[in-house]
Amino acid sequence: MALTIGVPKETAAGEKRVATVPEVVEKLVKLGFAVAVESGAGDAANFADDTYRAAGAEVLPTAAALWAKADIVFKVRPPSAAEVAMMREGGTLIGFVWPAQNPELMGQLAARRATVLAIDSLPRQLSRAQKMDALTSMAGISGYRAVIEAANAFGRFFNGQVTAAGKIPPAKVFIAGAGVAGLAAIGTAANLGAIVRANDTRAEVADQVVSLGGEFVKVDYEEEGSGGGGYAKVMSEGFQAAQREMYAKQAREVDIIITTALIPGKPAPKLITAEMVKTMKPGSVIVDMAAEQGGNCELTEPNQAVVRHGVTIIGYTDLASRLAKQSSTLYSNNLLRLTEELCKTKDGVVNVNMDDDAIRGLTVIKDGAVTWPAPPIKLAAPPPKPAAGAAVPAAPKGHGHGSSEPMSAQSLAIVFAIGALALLGVGLFAPASFLSHFTVFVLACFIGYMVIWNVTPSLHTPLMSVTNAISSIIAIGALIQIAPPLTGATGDRPNALILGMAVVALVLTAINMFGGFAVTRRMLAMFRK
């Protein structure tokens, strides 16, 4: 029997997102499910009830009716105690739960013998889990919105301008934490024209920061900060002291600070102290994206924007909700991909397979039994490194893609022997004039080869360098044929056919060379801002 997926209206204050959008409802119906939506659930995200009806969903008038009918409930925020009380016994809940922060909620759901899949507990180190990773999709939106909120509170343009009324310097933005949210903020701020700096305890993200137009600010202390699963770990006291010194310097220099530092299951680390805020320029802005977990700034007040020491400190906890339509669409797609994993038979029945690493990590309660936390995932071991003294085979040398292993000594000797016999035959039986011309030809091939393959690529691909070298040799030969003889004797001038071929060769090679430089210039222009 096909199950019913229910989508209630979110009851958390200020929450505008909805767990499923009409476009996804159609796909859930194709998987064999019936879909019920509470009336008004999508209004704040600009999804009217009629659009859900047109997609094949049933619209129910009240939350009680929705919870009573739904076998599976899709939610954004963790359910309240009142919502848990309305839940069908033995039902399934899918959404953000945060089991480490909500032990009471876990107990209430277990008492209802529910099966709970917490989207926030997804093992993010699994590559195939990326399509279900709602944390990443929501963090990207939040990072973008954080920059927009900062721009709204900031008193100047982000990009520098020179106008008749005066010169406006570009804003300087410092982003603490270069995870998904931080990288989204870096890209947005750089695109708006700001000078962007960023820091993260994970050294491997430095290249990502630079690729998005930012400058990676390194802490003068060597310690690896990767904690697995896309998060950072708690650093040593020595590192934290060096980090505070670096943050204090940045606070004095920049106009905007955006903090994103979070550690799973722990309060947000305090990165920006009250003393640092005092040293910031009047009119500066701090956007604390960790406000919901206590904040990275000591003066942050959750859900509020306050002014302290002339600095606006924004602690909104609903950044993703402020782009409700976009975030609802991405979140519902994440839940759709999860549902496809749960219902591979497309018959409207879910199978919570505890042998599947991704599903096991998501499942925090199974039929009333708490299964959180999940056991560590056993990832494939990396290939063993060769011993320090082991000889590493040299890569075959060659200039083309078809380079193969070098000839053996025996094969090379045979080739030389055949070549020597051929030359001996030519010397014995060919006319003397042929032999002199043949010698010039062989020397010309050798010299041409050395010239062509020793051209250094400069703003070109190696292939273009080779073709330009060949074209240059042809052009020189054509010019020699076209140029008047030095002796002035008319008999030394080439005939009309040779002269015509030289002119045509010179024209074609000139087109090839100048065209190559023109193409290179256009290719480089594509990568310039």
Side-chain angles (χ1 to χ4, degrees), residues 5-21 24 36-47 60 62-64 66-67 70 72-88 91-110 112 114-122 132-142 145 181 262 264-265 268 289-295 302-304 315-336 338-339 362-365 372:
I5 295 175
V7 183
K9 184 176 182 178
E10 296 295 323
T11 58
E15 181 57 67
K16 299 178 181 178
R17 290 173 292 178
V18 62
T20 297
V21 301
V24 172
V37 179
E38 182 184 350
S39 180
D43 287 351
N46 296 315
F47 296 110
L60 298 177
T62 64
L66 186 286
W67 283 90
I72 304 168
V73 175
F74 283 1
K75 281 272 293 163
V76 179
R77 294 275 186 169
S80 64
E83 288 176 316
V84 174
M86 291 188 290
M87 185 176 182
R88 290 178 63 173
T92 300
L93 173 70
I94 302 176
F96 286 106
V97 177
W98 307 108
Q101 289 89 351
N102 296 305
E104 291 184 9
L105 174 62
M106 291 286 288
Q108 294 167 0
L109 290 167
R112 301 291 295 177
T115 295
V116 180
L117 281 76
I119 202 72
D120 47 89
S121 297
L122 180 74
M132 303 178 273
D133 191 358
L135 281 173
T136 294
S137 58
M138 295 301 101
I141 292 174
S142 297
R145 184 69 191 198
L262 280 173
M289 296 183 62
E292 196 164 9
Q293 302 301 324
N303 298 310
Q304 295 186 46
Y316 299 148
T317 60
D318 61 346
L319 291 172
S321 182
R322 289 171 180 251
L323 290 170
K325 187 165 188 175
Q326 180 72 76
S327 54
S328 296
T329 301
L330 293 182
Y331 181 69
S332 60
N333 280 326
N334 293 139
L335 295 192
L336 171 65
L338 171 56
T339 308
L362 284 166
T363 307
V364 296
I365 300 176
W372 181 87

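Nothing here was measured: the structure is a model prediction, and the numbers come from that model. No hydrogens, no waters, no symmetry mates; every other heavy atom, side chains included, goes into these values.
More than 12 heavy atoms of other residues, nucleotides or ligands lie within 6.0 Å of NZ in K75, so this atom counts as buried by the packing criterion.
Looking at V73 and P8, their side chains come closer than 4.5 Å, going by heavy atoms from C-beta outward. Side-chain contact check for F74 versus T339: some heavy-atom pair is nearer than 4.5 Å. Contact check for R145 versus Y316: no side-chain heavy atoms found under the 4.5 Å cut-off. Within the 4.5 Å cutoff, no side-chain heavy atoms of I119 are placed close to those of L117. Residues E15 and D318 fail the side-chain proximity criterion, which asks for heavy atoms closer than 4.5 Å. Annotation: side chain of L122 is not in contact with side chain of L135 (no heavy-atom distance under 4.5 Å). With contacts defined as side-chain heavy-atom distances shorter than 4.5 Å, the pair L109/M87 qualifies. For the pair M289/S142, a side-chain contact is recorded, criterion being any heavy-atom separation below 4.5 Å from C-beta on.
Distance check, rounded to the nearest 0.5 Å: OG1 of T136 to CG of L330 gives 11.0 Å. Distance check: M138 CE to L319 CG gives 12.0 Å after rounding to the nearest 0.5 Å. Taking CG of L93 as the reference point, atom CD of E83 lies at 9.0 Å (rounded to 0.5 Å). With rounding to the nearest 0.5 angstrom, the CD atom of Q108 is 9.5 Å from the CG atom of N102. Atom CG of residue D120 and atom CG of residue L362 lie 9.0 Å apart, to the nearest 0.5 angstrom. Here the CG atom belonging to D133 is positioned 11.5 Å from the CG atom belonging to L338, to the nearest 0.5 angstrom.
Checked against side-chain contact (heavy atoms from CB on, under 4.5 Å), K9 has the following partners two or more places apart in sequence or in another chain: E38, A41.
Contact between L66 and A36 at its shortest, heavy atoms only, is CD2-O, 3.5 Å. A268 approaches A290 most closely through the heavy-atom pair CB-CB, 3.7 Å. Nearest heavy-atom pair across A320 and I141 is CA-CG2, 4.0 Å. When all heavy atoms are compared, the tightest approach of A118 to P99 is CB-CD, 4.4 Å. The minimum heavy-atom distance linking P302 with T317 is given by the pair CB-CG2, 4.5 Å.
Checking side-chain atoms of S321 against main-chain N and O of K16 turns up a donor-acceptor pair under 3.5 Å. Although no hydrogens or angles enter the test, the distance criterion places a donor-acceptor pair under 3.5 Å between the side chain of E10 and the main chain of R77.
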Test M106 against V97 for side-chain contact (heavy atoms from CB on, under 4.5 Å), laying out the working first.
CA-CA 8 Å; M106 291 286 288; V97 177; 4.2 Å; yes

Go through T20 and V37 one step at a time and tell me if the side-chain contact (heavy atoms from CB on, under 4.5 Å) criterion holds.
CA-CA 9 Å; T20 297; V37 179; over 6 Å; no

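For residues 324-335, the side chain to side chain donor-acceptor pair (under 3.5 Å) pairs, not counting sequence neighbours, are S137-N334.
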